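Please read these numbers as outputs of a predicted model, since none were measured by experiment.
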Amino acid sequence: MPSPRVRFAPSPTGYLHVGGARTALFNWLFARKTGGTFILRIEDTDRERSTEEHTRVILDGLTWLGITWDEGPYFQGEYLARHRADAERLLAQGAAYRCFCTREELEAARGAAERAGQSFRYDGRCDRLPPAEVEARRARGMPFAVRLRMPDAELAWEDAVHGRISFQGRDFDDFIIFRSDGTPVYNLAVVSDDAAMRITHVIRGDDHISNTPKQIALYRALGQPVPVFAHVPMILGPDGKKLSKRHGATAVGDYQKQGILPLAMRNFLALLGWSPGGDREILSESEMIQLFSLEGIQKKPAVFDLTKLEWMNGQYLSMLPPAELRAPVLRHLAEMGIAAHGLDLDPVIDAVKARSRTLLDVARQVAVRLRGAPAELDPKAIQFVNKLGRTRYRENLERAARRLESLPDWSPAAIAAALATEAETSGQKLGDVMQPIRIALTGGTVSEPVDQLVAVVARAAGREAVLARLRNAAA
RNA sequence: GCCGCUAUCGUCUAGAGGCCUAGGACACAGCCCUCUCAAGGCUGGAACACGGGUUCGAAUCCCGUUAGCGGUACCA
């Protein structure tokens, strides 16, 4: 068996959609699993809406996800000559015919059918034109489109995810494969390209199922081998409708901006409509490749669950060393107006990442540790201060500052011991000593343990800054 | 309308006729840990759409119903 050749063929008319990204991912996993070739083809035949900017965003998105292609990107627009030649060959063989009906005539007929409550089907009138009439019209320069003569036969295939799917040729009308303006229609371009690129497995969205019988008819007419088809289910929004802009972020780039890690995104996408079987959730790249199979793909559509994506991102945040998080955190800090290049951020990131779900969460907490708490306190913090008493809050901060000042060793263990002693001597609960420090340093009631917090801020901003922040809050 | 696809906790899913009193994960609730919050651990509620078959036995196979989705273009 020859090694598989698969492709991802987005049209550059928008950003890289999560659905597209997942289709690309499945193609890539399949290629890596089978030792096949993954081809990228940009379907830019819709000149009106295609832009280079979109192409670049799609390429960047795939690269960000770690989805690498072996051939391409090819641009469909460059194969017009082959598309035309294929249409002409079909015409010469008698598998297709010229249709002189105008767009207006067709639309009128369709409108009439709809008003009569019937479905419109092209009746094949141009196929019944005498050859002499066809020649006469061509001689007059009358524009024509090319229609494929739909065979009255079963058009079925063994879908790799759905099993056998069968259509009847008579349920389709003779569809247009080549426009009167000299450009190919999608179905022809795709089949022509997939055949020329010797694609063996077409892995694409479920929304193409009803294109498949037309394409099979085209493969047969062209005398080309029919590839294996695998139709993967759609991705839905929380309301059960096809995922779209009104559900919020649908572009891969949006998630990058929100601080999702590419590994987490890819892992999450892989599990949306595919399961390795058993209870596996967090998968490394090699595990994913090893476990992947078309049979493991789900038949029904999946709802995109942002909460679970964020949970998974948190898992990756926990297990990744801070050095690998540094670069994106620096970018998020820069967006917040903080230039932190050159600083030793790793200990700060390390202290904070367990309490984060996104890189944005990490960056926000790092920012506080770097430049101090925001001016206004968190409501929960205010509540705590009121409960403890304003005076005691100040006193505790001042006493903590004095203790720390005279402490030579600012390791978390030494800090913890000093503050424990402080609580004991003043006869207070440990929390009443700790929490004011946390509030003074972060403005809120949530952080890593206070001993670590103090050590981390001291390292990032200096001991003097710690003492100043404590006394400042006490003032 | 017609053609096609699909149907297990709220969500992602495991499940290939007896292993199912239906398992895991997210989310939710409670407990433990604890200076706070996470993380982690434990516990709990929560599903085989419905109706017929086939079979000694059905979440699993067949038929129908219902519902959802996709397509029905000189869009991709």
Side-chain angles (χ1 to χ4, degrees), chain A residues 9-11 13 43-46 48-50 76 99 101-103 106-107 110 114 117-122 143-147 159 161-162 165-168 171-173 175-181 183-187 189-190 205-214 231 233-234 236 238 240-242 268 271-282 295 298-312 314-315 317-318 352-357 380-381 384 416 419-420 423 429-439 442 444-451 453:
Chain A
S11 62
T13 54
E43 310 216 318
D44 57 349
T45 46
D46 187 343
E48 300 286 297
R49 297 190 295 154
S50 300
Q76 190 164 59
C99 174
C101 299
T102 65
R103 219 181 269 254
L106 258 16
E107 266 159 30
R110 184 171 294 115
E114 269 166 28
Q118 292 171 333
S119 61
F120 172 77
R121 285 190 59 186
Y122 181 66
F144 61 87
V146 179
R147 285 185 188 268
D159 195 277
V161 348
H162 292 278
I165 298 180
S166 166
F167 287 80
Q168 293 300 328
D171 289 331
F172 296 88
D173 57 7
F175 65 99
I176 290 174
I177 56 175
F178 207 79
R179 297 187 189 95
S180 52
D181 68 357
T183 61
V185 171
Y186 171 75
N187 280 312
V190 167
D206 257 359
D207 47 343
H208 285 290
I209 286 181
S210 39
N211 277 324
T212 306
K214 298 180 185 178
H231 288 97
M234 311 266 77
L236 272 24
K241 300 258 190 279
K242 190 173 169 180
F268 176 73
L271 259 26
L272 212 53
W274 171 71
S275 165
D279 300 333
R280 311 296 304 272
E281 291 264 18
I282 305 291
E295 291 69 40
Q298 202 73 14
K299 291 182 175 72
K300 65 161 181 179
V303 174
F304 189 92
D305 183 1
L306 181 63
T307 311
K308 187 150 186 179
L309 203 212
E310 289 183 339
W311 165 78
M312 189 165 280
Q315 295 292 306
L317 242 26
S318 299
V352 130
K353 70 192 180 80
R355 260 157 304 273
S356 307
R357 300 216 121 184
K380 285 235 173 85
F384 178 87
L419 294 174
K429 283 188 294 183
L430 191 55
D432 288 346
V433 173
M434 297 295 209
Q435 198 65 308
I437 301 175
R438 174 174 286 121
I439 291 171
T442 67
T445 56
V446 171
S447 84
E448 62 272 41
V450 165
D451 52 348
L453 173 68

For [N], the Watson-Crick or wobble partner whose two distances fall under 3.5 Å:
{"N": "rC2(B)", "answer": "rG71(B)"}
{"N": "rC56(B)", "answer": "rG18(B)"}
{"N": "rU65(B)", "answer": "rA49(B)"}
{"N": "rU11(B)", "answer": "rA25(B)"}
{"N": "rG40(B)", "answer": "rC32(B)"}

request  = Look at all strands and tell whether N211(A) reaches a base, only sugar-phosphate, or nothing, counting heavy atoms closer than 4.0 Å.
outcome  = base
Pick base, sugar-phosphate or nothing for S11(A), based on heavy-atom distances below 4.0 Å to the nucleic acid.
-> sugar-phosphate
Check your understanding: Given side chains that start at C-beta, do those of E281(A) and L271(A) come closer than 4.5 Å, heavy atoms only?
Key -> yes
Do Y186(A) and I177(A) have side-chain heavy atoms sitting under 4.5 Å apart?
-> no
Whole-Å distance between [N] [atom2] and [X] [atom1]?
{"X": "Y122(A)", "N": "rC2(B)", "atom1": "OH", "atom2": "P", "value": "25 Å"}
{"X": "F172(A)", "N": "rU72(B)", "atom1": "CZ", "atom2": "P", "value": "10 Å"}
{"X": "I282(A)", "N": "rG40(B)", "atom1": "CD1", "atom2": "P", "value": "10 Å"}
{"X": "Q298(A)", "N": "rG15(B)", "atom1": "CD", "atom2": "C1'", "value": "11 Å"}
{"X": "R110(A)", "N": "rG71(B)", "atom1": "CZ", "atom2": "C1'", "value": "14 Å"}
{"X": "Q315(A)", "N": "rA38(B)", "atom1": "CD", "atom2": "C1'", "value": "12 Å"}
{"X": "M434(A)", "N": "rU36(B)", "atom1": "CE", "atom2": "C1'", "value": "10 Å"}

Please give the distance between the [atom1] atoms of [N] and [M] as a whole number of Å.
{"N": "rU43(B)", "M": "rG57(B)", "atom1": "P", "result": "36 Å"}
{"N": "rG71(B)", "M": "rG15(B)", "atom1": "P", "result": "30 Å"}
{"N": "rG23(B)", "M": "rA46(B)", "atom1": "C1'", "result": "14 Å"}

Is K242(A) close enough to rC69(B) that one of its side-chain N or O atoms is under 4.0 Å from OP1 or OP2 there? no
(Q) In this structure, is the centre-to-centre distance between the rings of F304(A) and F268(A) below 6.0 Å? (A) yes
